[in-house]
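All chains are named by letter (A, B, ...) in the order of the sequence lines, taking the proteins before the strands, and each is independently numbered beginning at 1. The analysis underlying the following values was restricted to heavy atoms, covering all of them including side chains, and did not include hydrogens, waters or symmetry mates.
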2 protein chains.
Amino acid sequence: MSIEDRYKLNKEITLIDIANELNVSKSTVSRALQNHHSIGAETTKAVHELAKKYNYQPNAIASSLFKKSTKTIGVIVPILSHYFFSTVIAGIEDVAYKAGYKVIICQSHELYEREVIVSKTLLSAKVDGLIVSVSKETVNMDHFQQFLDKNIPLIFFDRLPTGIQSNSVSVDDYEGAFKIVEHLIEQGCKRIAHFTGPLNIALAQNRLQGYKDALRKHHIPVNDELIYECGFERTQGITTTEKLLTDQVSVDAIFAVCDPVAIGVMLTLKQKSIKIPHDIAVVGFNDDPTATVIDPPLTTVAQPAFEIGVAAADIFLKQVIGPSRSYIKEVLKTNLTIRQSSLRKNR
Amino acid sequence: MSIEDRYKLNKEITLIDIANELNVSKSTVSRALQNHHSIGAETTKAVHELAKKYNYQPNAIASSLFKKSTKTIGVIVPILSHYFFSTVIAGIEDVAYKAGYKVIICQSHELYEREVIVSKTLLSAKVDGLIVSVSKETVNMDHFQQFLDKNIPLIFFDRLPTGIQSNSVSVDDYEGAFKIVEHLIEQGCKRIAHFTGPLNIALAQNRLQGYKDALRKHHIPVNDELIYECGFERTQGITTTEKLLTDQVSVDAIFAVCDPVAIGVMLTLKQKSIKIPHDIAVVGFNDDPTATVIDPPLTTVAQPAFEIGVAAADIFLKQVIGPSRSYIKEVLKTNLTIRQSSLRKNR
DNA sequence: TATATTTACGCAACCGGTTGTGTAAATATA
DNA sequence: TATATTTACACAACCGGTTGCGTAAATATA
């Protein structure tokens with residue numbers, strides 16, 4: 001069948017079609033499209049013209065098979081519909097796109113099993129690299145080991161795993177927590193509760209530690225009754241606040257592990273007519289867009305989500321170009337963003 | 001090299017490695033892994049055992065090349081970090097995952113050129129289907145035509161294109177707008193402004209039309225001075241509100257094309273100490289999580305974002321199984337969600 | 001016992017690019 | 001003029017699975 005016929009029938013146009021039309025071999029066409037020097041100028045021109053005329057789209061699959069590079073980066077996040085994660089992905093995508101990479105995104109839905117399955121899928125899909133924020137259930141990291149074994153760049157962000165050495169991008173959770181708790185103390189708070197994330201996750205541990213150390217620095221005893229293991233969701237912020245109120249625990253501030261939880265806390269307190277920050281000050285972590293919507297606006301620790309994505313993708317590109325034995329651990333700075341939800345002193 | 005050696009060296013284990021080890025042909029191994037009836041029970045068992053022992057991962061690329069199916073769905077959204085889009089994607093991913101499909105997500109960043117490029121990339125990547133919400137710049141749809149030509153299922157959602165016949169999933173924007181404007185009228189509003197989206201987008205047109213028809217039904221003249229072309233972003237809601245206030249246009253309600261805009265409106269009004277809903281009622285469209293955070297909570301039209309994703313992926317699956325000449329146009333119902341931002345009557 | 005059928009597997013082509021090697025013709029150098 | 005080099009292209013192997021077809025041996029049927 002002629003290339004003309006195939007084109008009209010919406011058949012896939014391949015190198016062979018172009019080769020047949022020009023009476024050259026497909027290797028010549030392949031090289032001509034790459035502007036290889038060993039192909040004559042006229043031939044090269046003719047090939048490019050035909051390719052354009054018939055809207056030739058190279059089959060990336062075939063190319064990948066031989067080149068062993070799919071030009072794709074796999075990304076696994078616990079949940080896509082959180083502003084933090086979707087913004088990180090936007091950062092990854094931005095860098096990847098400019099470097100000619102596609103991005104395959106998977107959600108673990110905070111489920112360990114699902115994380116294992118999608119990581120296998122991405123391994124089979126031969127992604128050139130993997131960027132991950134692990135699920136809150138994940139303790140065993142074996143499913144990631146294979147990427148390291150096969151020298152596929154592996155970069156963790158935000159939720160860093162324990163017990164596996166690899167590249168990572170995170171923020172200084174300890175310092176962020178320390179600063180925001182210190183800020184609460186400066187505002188006169190003395191009984192500061194902390195709603196933590198799942199404690200198998202390093203960032204939750206680090207924020208907790210920052211909280212404790214800030215208290216100790218200011219000679220405020222750390223009271224385990226003020227530490228509630230919570231989670232990352234607004235709903236968990238709501239239920240934990242209700243628990244705290246039923247427990248009749250007296251507090252003058254709540255430091256939530258992240259903004260969605262802080263929002264849940266504030267909504268619950270407001271519903272019970274507890275004044276923020278007068279009765280209880282509330283602070284979070286992340287600087288979600290919602291932080292400026294709630295009344296009073298939420299004091300929080302701003303994380304550069306987009307930049308985290310950019311940094312992760314940059315590490316990927318570095319490792320692809322020159323794979324190295326050493327790991328890159330990047331820790332970005334946070335920014336204490338003070339708003340009304342924590343301001344108890346008159347100014 | 002023996003399979004044992006290759007395994008230890010972290011080399012890729014292939015069908016051939018297993019075949020050599022068992023002294024059978026690779027076609028036998030391939031069939032054994034598929035539990036093909038023509039392969040003996042013992043051989044099948046031995047193959048599976050070896051595959052497991054050496055953690056054999058089939059090369060999906062090689063398989064795709066022959067089968068002409070990559071088991072991936074491409075998704076193009078304008079922007080990922082909007083709750084609506086990330087939730088739709090979650091819905092798509094949910095269905096896709098269960099059916100054994102991966103999802104490649106791309107952002108157009110509301111740029112026509114970028115949309116063209118990513119659609120070409122996805123075409124080269126041989127996605128089995130494409131689900132799209134077009135960018136606000138997009139007028140020309142030629143880049144999508146190729147998917148139709150090649151019988152690759154193409155499904156639009158939310159932002160439906162004009163001038164191209166294809167599958168689509170949307171909500172009844174007209175009806176949603178009509179109902180919410182009617183609600184405002186019932187609350188006694190007479191000078192209702194509308195902040196529209198870009199008017200080349202069908203949904204913006206439909207919501208505008210719903211707005212106009214609701215006014216007409218209740219014998220309120222449509223006043224072009226009350227219609228502001230705005231956009232989909234919170235920032236645009238802020239600037240447009242500022243414009244309206246400088247224009248000294250007198251209104252008693254604002255119907256924003258979507259919740260982010262409505263939030264921008266409310267924040268601006270609150271900043272100017274304009275009482276909501278007493279002075280000006282505000283309503284949106286989408287039911288973002290933020291709608292319940294702002295004070296007063298935002299009256300809005302709830303769109304089933306997750307279900308939209310599910311519906312789009314379901315259409316894809318249907319078309320993959322039995323490609324048909326006809327298109328599926330699914331229109332989901334919206335839900336008027338009344339909160340305090342629009343309640344002007346005492347109850 | 002002779003023929004038909006089933007079982008179990010190998011061979012080789014195929015998917016669509018990519019690239020190392022070979023070679024004839026054209027040009028350059030000795 | 002004889003040899004060396006460059007130019008421009010073809011051939012074929014290759015990437016790693018998949019599948020149609022062929023066939024010998026084992027079993028079933030007549």
Determine: side-chain N/O of [X] to OP1/OP2 of [N], distance under 4.0 Å, yes or no.
| X | N | result |
| --- | --- | --- |
| A:Lys68 | C:dT18 | no |
| B:Ser38 | C:dC9 | no |
| A:Tyr56 | C:dG16 | no |

May I ask which nucleotide in the shown strands pairs with D:dA28, Watson-Crick or G-U wobble, both distances under 3.5 Å? C:dT3
Base-pairing mate for C:dC15 - Watson-Crick or G-U, with both contacts under 3.5 Å: D:dG16
Round to the nearest Å and state the distance from [X] atom [atom1] to [N] atom [atom2].
| X | N | atom1 | atom2 | value |
| --- | --- | --- | --- | --- |
| A:Gln57 | C:dG16 | CD | P | 15 Å |
| A:Leu33 | C:dG17 | CG | C1' | 11 Å |
| B:Leu15 | C:dC9 | CG | C1' | 15 Å |
| A:Lys67 | C:dG16 | NZ | P | 18 Å |
| A:Ile3 | C:dG16 | CD1 | P | 14 Å |
| B:Gln34 | C:dC9 | CD | P | 15 Å |
| A:Ile16 | D:dA10 | CD1 | P | 13 Å |
| A:Glu42 | D:dT7 | CD | P | 16 Å |

Side-chain contact, heavy-atom cut-off 4.5 Å: [X] with [Y]?
| X | Y | answer |
| --- | --- | --- |
| B:Leu148 | B:Ser166 | yes |
| A:Leu50 | A:Val29 | no |
| A:Thr72 | A:Leu122 | no |

Position toward the 5' end of DNA chain D (nearest nucleotide), B:Thr28 or B:Ala62: B:Ala62
Answer with yes or no whether [X] presents, from its side chain, a donor or acceptor under 3.5 Å of a partner atom in the base of [N].
| X | N | result |
| --- | --- | --- |
| B:Ser27 | C:dC11 | yes |
| B:Arg31 | D:dG17 | no |
| A:Lys26 | C:dG17 | yes |

Among the nucleotides D:dG17, C:dC9, C:dC15, whichever has the atom closest to the side chain of B:Asn59 is D:dG17
Point-to-point distance, once rounded to the nearest 0.5 Å, from OG1 of A:Thr14 to CG of A:Asn59: 9.5 Å
Remember a base hit wins even if backbone is also touched, and classify B:Asn23 as base, sugar-phosphate or nothing at under 4.0 Å, heavy atoms. sugar-phosphate
Quick one: label A:Glu12 by what it contacts on the DNA or RNA (base, sugar-phosphate, nothing), any heavy atom closer than 4.0 Å. nothing
Would you kindly compare B:Ser25 and B:Leu65 by the position of their nearest DNA chain C nucleotide and give the one closer to the 5′ end? B:Ser25
The answer to which of B:Phe66 and B:Ile39 contacts DNA chain C further toward the 5' end, by nearest nucleotide, is B:Ile39
Tell me if a side-chain donor or acceptor on A:Asp128 pairs with a main-chain N or O of A:Ile73 at a distance below 3.5 Å. no
Taking the ring centre of each residue, are A:Tyr112 and A:His143 less than 6.0 Å apart? yes
